[in-house]
Amino acid sequence: MSTDEAVALLREAGLRVTPQRVAVLKALAAESHPTAEGILARILPEYPGTGLATVYNTLAALARRGRVLAIASPEGRRYDLRTEAHQHVRCRRCGRVEDLPEWPGAAWVHTVLPAGWSAEGWQVMVEGLCDTCRSVAS
Ligand SMILES: [Zn+2]
Ligand SMILES: [Zn+2]
């Protein structure tokens, strides 16, 4: 993500543009589904005074405005610039999270609900071992 793109995204979300917020977005774009701590670690060399609260607040504000997707994981919330519905796979050894290239459509969800419920959205996190960890696992 370029600086211009980050600035545009912040403006579209109605957020004040600051160098730290631009750095948060660029760090988010540079990694697959990072945590707030991961983003902070990436921007600290350039912005040593940045606190975790700044990162959290920026991500929360973008998530509220539908510009960033927040995903629950055992490491805490992970963030995603891809906001349309999609599902994830997580490596139980290294914690890496990636998008599932394909997922069956919405129909299956309605077959697993308790009687009387309706579904409006869901998140699936498939657990397993990534290609790297599988190759070192014995
Ligand atoms: Zn792994
Ligand atoms: Zn994703």
Side-chain angles (χ1 to χ4, degrees):
M1 176 181 282
S2 70
T3 300
D4 285 352
E5 286 168 333
V7 167
L9 209 155
L10 288 167
R11 289 212 173 113
E12 281 165 27
L15 294 177
R16 199 161 52 85
V17 177
T18 67
Q20 280 93 344
R21 282 178 173 165
V22 169
V24 166
L25 275 174
K26 290 173 112 173
L28 173 57
E31 205 177 318
S32 179
H33 308 86
T35 59
E37 287 83 358
I39 290 172
L40 182 63
R42 207 176 261 268
I43 68 177
L44 273 179
E46 203 179 344
Y47 299 99
T50 310
L52 192 56
T54 301
V55 178
Y56 268 123
N57 292 343
T58 302
L59 294 168
L62 288 163
R64 271 199 306 276
R65 291 160 170 88
R67 302 294 174 152
V68 160
L69 194 67
I71 305 151
S73 87
E75 298 79 41
R77 282 173 161 236
R78 290 178 172 275
Y79 297 88
D80 198 342
L81 277 169
R82 190 177 162 196
T83 53
E84 82 272 18
H86 69 285
Q87 313 304 326
H88 296 96
V89 60
R90 175 184 171 275
C91 178
R92 64 174 165 78
R93 182 164 297 187
C94 70
R96 192 168 115 204
V97 171
E98 289 191 11
D99 293 343
L100 289 181
E102 284 182 52
W103 187 255
W108 69 274
V109 170
H110 303 288
T111 68
V112 298
L113 288 172
W117 286 64
S118 68
E120 293 172 352
W122 63 92
Q123 288 186 351
V124 172
M125 181 74 84
V126 177
E127 293 274 328
L129 283 174
C130 72
D131 50 356
T132 307
C133 291
R134 273 187 70 196
S135 67
V136 297
S138 52

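Both ligands and their constituent atoms are indexed starting at 1 by order of listing.
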Query raised in the report: With a 4.5 Å limit on heavy-atom distance, are the side chains of Thr54 and Val24 in contact?
Result: no

Query - Listed protein N/O/S atoms, distance to the Zn ion (ligand 1) under 2.8 Å - result: Cys91 SG, Cys94 SG, Cys130 SG, Cys133 SG

Query - Value rounded to 0.5 Å, distance of OH in Tyr79 from CG in Leu25 - result: 12.5 Å

Query raised in the report: So what's near the Zn ion (ligand 2), protein N, O or S atoms under 2.8 Å?
Result: His33 NE2, Asp80 OD2, His86 NE2, His88 NE2, Asp99 OD1

Query raised in the report: Is there side-chain contact between Asp80 and Val68, with at least one heavy-atom pair below 4.5 Å?
Result: no

Report summary line: Rounded to the nearest 0.5 angstrom, the CD-CZ distance for Glu75 and Arg90 is 4.0 Å

Requested in this report: Give the ring-plane orientation class for His33 versus His88, where under 30° counts as parallel, over 60° as perpendicular and anything between as tilted.
Outcome: perpendicular

Query raised in the report: Heavy-atom count around Arg82 CZ within 6.0 Å, excluding the residue itself: above 12?
Result: yes

Query raised in the report: Are any of the side-chain heavy atoms of Ser73 and Met125 separated by less than 4.5 Å?
Result: yes

Report task. Using atom types as modelled and distance alone, determine if a side-chain donor or acceptor of Gln87 lies under 3.5 Å from a backbone N or O of Leu100. Result -> no

**Report entry** Point-to-point distance, once rounded to the nearest 0.5 Å, from CG of Leu9 to CD of Glu12
**Finding:** 5.5 Å

